[in-house]
Amino acid sequence: MQAIMVSEPGGPEVLRVGETDIPRPGPGQVLVRVLAAGVGPWDASLRRGGWSGPWPYIPGGEFAGLVEGHSGDEAGFHDGEPVYGYPGLTGCYAQYLTCPAEQMAPIPSGLPRIDAAAVPVDGLTAEQGLTDVLGVGAGGRVLITAAAGGMGHLAVQIARALGATVVATASPQHHEFVHKCGAAVVVDHNRPDWPDLIRTMTGGGAAKVLAIAAPTLAGAARAARDGAMIATPVRQDAYPDADRVRWQHFNGQPRGSDLIRMAPWFDDGSLGVEIARRYYWQDAAAAHREIEMGHTRGKLVLIVDDDLAAQMEL
């Protein structure tokens, strides 16, 4: 099969097409023919030098595809079934991959197959931060920073689906989009006084915060009331105002059961994924250049299936 491979750390130019064997599924794994792969900042971070495993490696942590053969029969995944998942932080920029059955799920009928590739990493991280860490639910309120990005726009919709009121931050050009995602209030996080605006709007500060992007962490702490809980997937050695607010770092866990939990939201239109741009997968370097520029509204997707790419004229 063909795959995008990285043989050395570096810029987007180190992403090169190569030939490798189709992987063989081990116990509990399912072989998948990949239709599309999501692109995220984590892919660029690993490529620049964050990867500590053997070389070369195949990037990509999320996919949409079709079950190949009978490898998934025991887990209830059958030949040709559309599935999506989060097998790990690598392996998805390829024509085939293997994924543990518990880390994937059927693609909901309300989610286009190609778009599904952009959901698993950010969708699971957002859902778990809101539910497992912050305990957001009906009648509650949550502040979500960087709400127009890949994780942010999914988090806004998930919080609304859970019944919470959302206060969000985003750059001005994205305010209308974030409102459409369900945010009641959107504040420009480029303004130096945005935390003060949040504190005024929330009567003393937000009690629950999902702080998604590193540049917003200090502002998130300032916008939070004393004793607030701030959940973040951003790892730092020290977090601001830690003597006044409670920080909880977390990583999204690759749980297919949580993808299944989100399926009704996709089916009833409560949740959708915004695709900023679709690239032919062998143009992965261009996708990485875009993701490294930042400020992407929604997600980027690589179309791996040649027939689909031809239909989309990529």
Side-chain angles (χ1 to χ4, degrees), residues 1-23 25 29-68 82-100 103-105 107 113-125 150-151 251-254 256 259 273 275-292 296 298-306 308-309 314:
M1 70 171 186
Q2 289 188 314
I4 302 294
M5 296 184 178
V6 177
S7 298
E8 59 184 341
E13 70 279 358
V14 302
L15 295 162
R16 300 186 181 97
V17 180
E19 293 281 345
T20 188
D21 294 335
I22 295 175
Q29 293 184 329
V30 180
L31 180 64
V32 176
R33 180 168 70 84
V34 180
L35 298 178
V39 179
W42 54 88
D43 295 333
S45 177
L46 290 177
R47 189 210 71 230
R48 287 193 301 264
W51 175 246
S52 58
W55 304 85
Y57 77 91
I58 299 171
E62 54 188 0
F63 72 88
L66 304 174
V67 173
E68 183 77 8
V83 292
Y84 67 149
Y86 176 5
L89 288 177
T90 60
C92 295
Y93 293 9
Q95 292 177 314
Y96 293 88
L97 58 78
T98 57
C99 182
Q103 293 172 215
M104 53 188 270
I107 296 177
R113 291 183 182 181
I114 295 302
D115 296 357
V119 170
V121 175
D122 281 330
L124 288 170
T125 304
M151 190 184 308
N251 292 315
Q253 300 302 307
L259 291 175
V273 60
I275 305 300
R277 197 182 311 273
R278 298 170 179 86
Y279 289 88
Y280 182 51
W281 71 300
Q282 294 189 9
D283 296 329
H288 273 229
R289 291 187 189 98
E290 181 170 349
I291 204 72
E292 288 183 301
T296 301
K299 293 292 297 281
L300 303 178
V301 170
L302 302 178
I303 308 302
V304 176
D305 182 82
D306 286 336
L308 287 173
L314 296 176

Would you check, one step at a time, whether the test side chain to side chain contact (heavy atoms under 4.5 Å, CB included) holds for Thr98 with Val32?
-> CA-CA 6 Å; Thr98 57; Val32 176; over 6 Å; no
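- Atoms CD and CE, on Gln29 and Met104 in that order, are 11.0 Å from each other to the nearest 0.5 Å.
- When side chains are defined from C-beta on, Pro59 does not count as touching Thr90, because their heavy atoms never get closer than 4.5 Å.
- In this structure, CD1 in Ile303 is found 11.5 Å from CG in Asp283, a value given to the nearest 0.5 Å.
- At distances below 3.5 Å, at least one donor-acceptor pair connects side-chain atoms of Gln103 with backbone N or O atoms of Tyr86.
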Please step through side chain to side chain contact (heavy atoms under 4.5 Å, CB included) for the pair Thr20 and Met1, ending with a clear verdict.
-> CA-CA 6 Å; Thr20 188; Met1 70 171 186; 3.5 Å; yes
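- In terms of heavy-atom proximity, Trp281 sits nearest to Ala94 at CZ3-CA, 3.9 Å.
- Taking the charged nitrogens against the carboxylate oxygens, Asp115 and Arg278 do have a contact shorter than 4.0 Å, which makes a salt bridge.
- With sequence neighbours left out, Glu68 forms a side chain to side chain contact (heavy atoms under 4.5 Å, CB included) with Leu31, Arg33, Tyr96.
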Just distance, no hydrogens or angles: give the donor-acceptor pairs under 3.5 Å from side chains in residues 37-56, sequence neighbours left out.
{"unit_1": "Asp43", "atom_1": "OD2", "unit_2": "Gly40", "atom_2": "N", "d": "3.1"}
{"unit_1": "Asp43", "atom_1": "OD2", "unit_2": "Tyr93", "atom_2": "OH", "d": "2.8"}
{"unit_1": "Arg47", "atom_1": "NE", "unit_2": "Gly10", "atom_2": "O", "d": "2.8"}
{"unit_1": "Arg47", "atom_1": "NE", "unit_2": "Gly11", "atom_2": "O", "d": "3.2"}
{"unit_1": "Arg47", "atom_1": "NH1", "unit_2": "His288", "atom_2": "ND1", "d": "2.8"}
{"unit_1": "Arg47", "atom_1": "NH2", "unit_2": "Gly10", "atom_2": "O", "d": "3.4"}
{"unit_1": "Arg47", "atom_1": "NH2", "unit_2": "Glu292", "atom_2": "OE1", "d": "3.2"}
{"unit_1": "Arg47", "atom_1": "NH2", "unit_2": "Glu292", "atom_2": "OE2", "d": "2.9"}
{"unit_1": "Arg48", "atom_1": "NH1", "unit_2": "Glu292", "atom_2": "OE2", "d": "2.6"}
{"unit_1": "Trp51", "atom_1": "NE1", "unit_2": "Gly53", "atom_2": "O", "d": "3.1"}
{"unit_1": "Trp51", "atom_1": "NE1", "unit_2": "Pro54", "atom_2": "O", "d": "2.9"}

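- Contact record, Glu62 with Ala117: CG-O, 3.1 Å, taken as the closest heavy-atom pair.
- The minimum heavy-atom distance between Asp122 and Gly150, with the atom names listed, is OD2-C, 3.6 Å.
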Check against side chain to side chain contact (heavy atoms under 4.5 Å, CB included), Thr296 and Arg277 = CA-CA 9 Å; Thr296 301; Arg277 197 182 311 273; over 6 Å; no
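- Between Pro120 and Ala116 the shortest heavy-atom distance is CD-O, 3.2 Å.
- For the pair Gln253/Leu124, no side-chain contact is recorded, criterion being any heavy-atom separation below 4.5 Å from C-beta on.
- Screening Val34, Val121, Leu97 for a side chain to side chain contact (heavy atoms under 4.5 Å, CB included) with Cys92, the sole residue that qualifies is Leu97.
- Counting heavy atoms from C-beta on, the side chains of Met5 and Ile58 come closer than 4.5 Å.
- Looking at heavy atoms from C-beta onward, Leu308 lies in side-chain contact with Leu35 at the 4.5 angstrom threshold.
- Considering every non-hydrogen atom in both Ala309 and Tyr280, the closest pair reads CB-CD1, 3.5 Å.
- For the residue pair Gly85 and Leu259, the shortest heavy atom distance occurs at CA-CD1, 4.2 Å.
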